[in-house]
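Excluded from the calculations below are hydrogen atoms, water molecules and symmetry mates; all remaining heavy atoms, backbone and side chain alike, are included. As the structure is a computational prediction, the values presented were derived from the model and not from experiment. For this chain, numbers begin at 1 and follow the sequence in order.
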Amino acid sequence: MSDIRGTQLTYAGQNLLAKCLTGQELHFSRIAMGDGLLAEGENLRELTGLLRPKMNLPIKSVKVTGVGTTIMETELKNVNLAAGFFAREVGIFA
C-alpha cells in the first residue's frame, strides 16, 4: 500500500469539498498517474488535470478511517502500457 505524503488539494478540489459541506454527495470517478513535472512558475493548485497523464486506474474502494482520513484502493496493471514511465503525479478525480 502506498502512503503518499505532501499531497495538495487543487482549487477545483477545494470547491468540490465546499459543495460537500452543503450536503452534496462526493463521487470519486478515477485515479490517474502521469510523469509530468511542473514548469517554473506553474501553480499545482490551479491544475484541473495531470500534466502528462499515462494511466487511468479504477477505484476499488473508499473507506473513511478517521477524522479527515480516507483510504482509497486501486489496482495498477501495466498490461496495456506501451512504455514504462516514472510516476511523478497522481490525481484523484471526482
### Query
Which pair of non-hydrogen atoms, one from Ser29 and one from Ala94, has the smallest distance, and what is that distance?
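Shortest heavy-atom separation between Ser29 and Ala94 comes out as OG-N, 3.9 Å.
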### Task
Please name the pair of heavy atoms, one in Val90 and one in Met33, separated by the smallest distance, quoted to 0.1 Å.
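It is CG2-CG, 4.3 Å.
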Test of understanding: with side chain to side chain contact (heavy atoms under 4.5 Å, CB included), list the residues that count as partners of [X], not counting sequence neighbours.
| X | value |
| --- | --- |
| Ile92 | Phe28, Ile31, Met72 |
| Lys77 | Glu75, Val79 |
| Thr70 | Val62, Val64 |

### Query
If Ile, Leu, Val, Met, Phe, Trp and Tyr residues are connected whenever their side-chain heavy atoms lie under 4.5 Å apart, and connections chain through other members, are Leu81 and Leu76 in the same group?
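Yes, because Leu81 and Leu76 connect within a single hydrophobic cluster, where side-chain heavy atoms sit under 4.5 Å apart.
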### Task
Output every pair passing side chain to side chain donor-acceptor pair (under 3.5 Å) with a member in residues 14-28, not counting sequence neighbours, ordered by first then second residue.
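For residues 14-28: none.
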Identify all side-chain donor-acceptor contacts of residues 41-56 below 3.5 Å with residues at least two apart in sequence or on another chain.
residue	atom	partner	partner atom	Å
Glu42	OE1	Ala39	N	2.7
Asn43	OD1	Arg45	N	2.9
Arg45	NH1	Leu9	O	2.7
Arg52	NE	Asp35	OD1	2.8
Arg52	NH2	Asp35	OD2	3.3
Asn56	OD1	Arg30	NH1	2.4

#### Entry: Residues that Thr65 engages under side chain to side chain donor-acceptor pair (under 3.5 Å), provided they are two or more places apart
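In terms of side chain to side chain donor-acceptor pair (under 3.5 Å), with neighbours along the sequence ignored, Thr65 is linked to no residue.
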### Message
Side-chain heavy atoms under 4.5 Å apart, restricted to Ile/Leu/Val/Met/Phe/Trp/Tyr: what other residues fall into the cluster of Phe86, or is it alone?
### Response
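Once heavy-atom contacts under 4.5 Å are chained together, Phe86 still belongs with nothing else.
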